[in-house]
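All figures in this text were calculated on a predicted structure; none of them were measured in a lab.
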Amino acid sequence: MLSTNRHSASRPQTINVRLPARHSGQRQLWQAVRHARVAIAPCGRGFGKSEEFVRELADDALAGLQCHYGAPDYRRVEEVYDRLYRALLPTIDRKVYAQRIDLITGGRIEFWTLKDKTAGQSRHPDRWTIDEAGLVPYLGAIVEDSIMPSLTSRKGILRISGTPKGQNDYFHFWNKAHREPEWAYFQATSYGNPMIDRNELDRLKPENGGMTENRYRQEILAEFLEDGAGVFRYVRRAVYGPQPSIADLAGRQIVIGVDLGKINDYTVFAALDLTTGQIVRIDRMQGDYTSQLARLRDLCAIVKPSTLIIETNTGQMFIEEARRMALPVVGFTTTAATKQPLIERLALAFEHQTIGIPDDAVLISELMAYESERLPGGSVRYSAPDGQHDDTVMAVALAWYAMRRGERTWGERSIYE
């Protein structure tokens, strides 16, 4: 319980704010990083890393400091905003839902979804907290180009937390924390939370029929694994460098996979060079179908693809318009039965190192985070983690499926093929 004084014309007023008490593992985390300028804290699921840093946000804002909180998606931002709003309600002066909380102490908490490289620019906070860092595609650029410069004027501090997701930018900062004198690090498994029954965690062990070994090591033991614990292995080995310019693609044998965005999703075009097996173009956009069709038409005018493979589930009107433009459309209907071979074929391409991908942060992040779940009936469900996107994964999977030449058992064929 914290107290803060509010001065009125007559007398000071004391307001009590109740925040959850730290468990023993969180106290160890706080002791390990409390004096550091930058701190990295990879921890297992359920340890309470996010709750600890949210508590510190509240402490600093009550002390009158300017604080920022960032997460990879809006759902997590909403959850933390709601938690802080309920805890700090007696001291709130102004608020904008899921964007800002201003306190009567002069402190402020701003909330960000970390979806682009410029998040946090033009601000000068005292504290930045990044949650679920392993799922932030542009983490390196956001921290080094936006957040660290913004902290210089106030000598602010940075906290980066989350469960590991492969060896991405989060892993880079974990290694850096071991070298930099101003940086601190703390690592804990899910067992570090004494509030969780150890028997429940033991049930998740591979030998007990729980998680796969890699997923258990990553999600529960908080280990940074080279390939993560997802569906696709050897993702980083497949990276060949920056993607070529559109002009450089002229004359190649190209197919394009198209994943059409739904609400809050992105539409993605993934161009595959059939000769080299490289994904040579990733175009990712939002907007209405008219602007997306125009962009696809312009891309096709240059690369002249032999086939466009477009998911039909939500894009029938898009497909009809593309065919009116005389584009070589092949429809693909995604169901539980068709998605499994689609994804497994792409996974085998990474396993056998027959596919190449550009050094695209969003694509790499989505591939490394992609998950599978064995259903009671024995089938497998593939998807992005809750709250995340898989638009680039699906576009690449559709393009790669075009390597299956000569077979006519999948999808809806068009007159243009």
Side-chain angles (χ1 to χ4, degrees), residues 1-3 16-36 39-62 67 69-73 75-90 109 111 127 129-135 159-165 170 174 177 184-225 229 369 371 373 385-388:
M1 178 170 62
L2 299 176
S3 296
N16 293 326
V17 176
R18 294 184 178 275
L19 298 172
R22 292 181 172 99
H23 62 63
S24 58
Q26 289 172 326
R27 286 197 297 271
Q28 292 175 21
L29 168 57
W30 179 66
Q31 290 288 351
V33 307
R34 60 184 298 193
H35 298 301
I40 315 295
C43 302
R45 292 292 176 201
F47 170 81
K49 54 198 175 299
S50 300
E51 288 79 2
E52 169 55 27
F53 286 141
V54 165
R55 190 189 197 286
E56 293 184 26
L57 277 172
D59 288 345
D60 281 359
L62 287 168
C67 306
Y69 169 87
D73 57 80
R75 181 185 61 80
R76 285 183 174 84
V77 168
E78 277 191 312
E79 288 176 358
V80 171
Y81 172 90
D82 290 340
R83 194 182 310 162
L84 285 167
Y85 174 79
R86 290 193 298 269
L88 298 173
L89 183 59
I109 305 172
F111 299 84
R127 168 188 285 270
T129 295
I130 298 177
D131 200 2
E132 291 300 344
L135 296 175
R159 298 292 181 258
I160 304 176
S161 70
T163 300
K165 269 302 182 191
Y170 189 22
W174 168 249
Y185 54 89
F186 178 87
Q187 189 172 26
T189 71
S190 301
Y191 290 91
N193 183 349
M195 310 301 291
I196 300 178
D197 188 336
R198 294 181 64 89
N199 293 327
E200 293 299 311
L201 294 175
D202 287 343
R203 290 192 180 96
L204 300 177
K205 290 181 176 180
E207 60 266 30
N208 294 330
M211 295 178 166
T212 63
E213 181 180 356
N214 277 356
R215 189 165 188 179
Y216 179 80
R217 290 172 58 193
Q218 179 172 269
E219 301 288 321
I220 304 303
L221 302 184
E223 296 181 19
F224 287 97
L225 306 181
E371 297 177 341
E373 179 185 0
D386 188 26
Q388 298 300 297

Are [X] and [Y] within salt-bridge range, i.e. N to O under 4.0 Å?
X    : Y    : answer
R83  : E79  : no
E371 : R215 : yes
R86  : D82  : no

Nearest heavy atoms of [X] and [Y], plus distance in Å:
X    : Y    : answer
A87  : R18  : CB-O, 4.2 Å
H23  : G192 : CE1-O, 3.9 Å
N214 : L225 : O-CD1, 3.2 Å
C67  : A61  : SG-N, 3.9 Å
A184 : A177 : O-CB, 3.9 Å
P42  : P164 : CB-CG, 4.0 Å

[Y] side chain reached by [X] side chain, heavy atoms, under 4.5 Å:
X    : Y    : result
I109 : L88  : yes
D59  : L19  : yes
F47  : L29  : yes
Y216 : T212 : no
R76  : L135 : yes

Hey, what do you get for [atom1] ([X]) to [atom2] ([Y]), rounding to the nearest 0.5 Å?
X    : Y    : atom1 : atom2 : answer
R159 : R34  : CZ    : CZ    : 11.0 Å
Q218 : E213 : CD    : CD    : 12.5 Å
N199 : L204 : CG    : CG    : 11.5 Å
I40  : I160 : CD1   : CD1   : 3.5 Å
Q26  : F186 : CD    : CZ    : 9.5 Å
M211 : R217 : CE    : CZ    : 14.0 Å

Output yes when a side-chain donor or acceptor of [X] lies under 3.5 Å from a complementary backbone atom of [Y], and no otherwise.
X    : Y    : result
N208 : D202 : yes
N193 : G46  : yes
S190 : R45  : yes
E52  : W30  : no
T163 : C43  : yes
R27  : R22  : yes

Exercise. Given the side-chain rings of Y170 and F224, with only the six-membered ring counted for Trp, is the space between their centroids under 6.0 Å?
Worked result: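 Yes, close enough.
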Exercise. Determine, stepwise, if the pair L84 / F111 fulfils side chain to side chain contact (heavy atoms under 4.5 Å, CB included).
Key: CA-CA 11 Å; L84 285 167; F111 299 84; 3.9 Å; yes
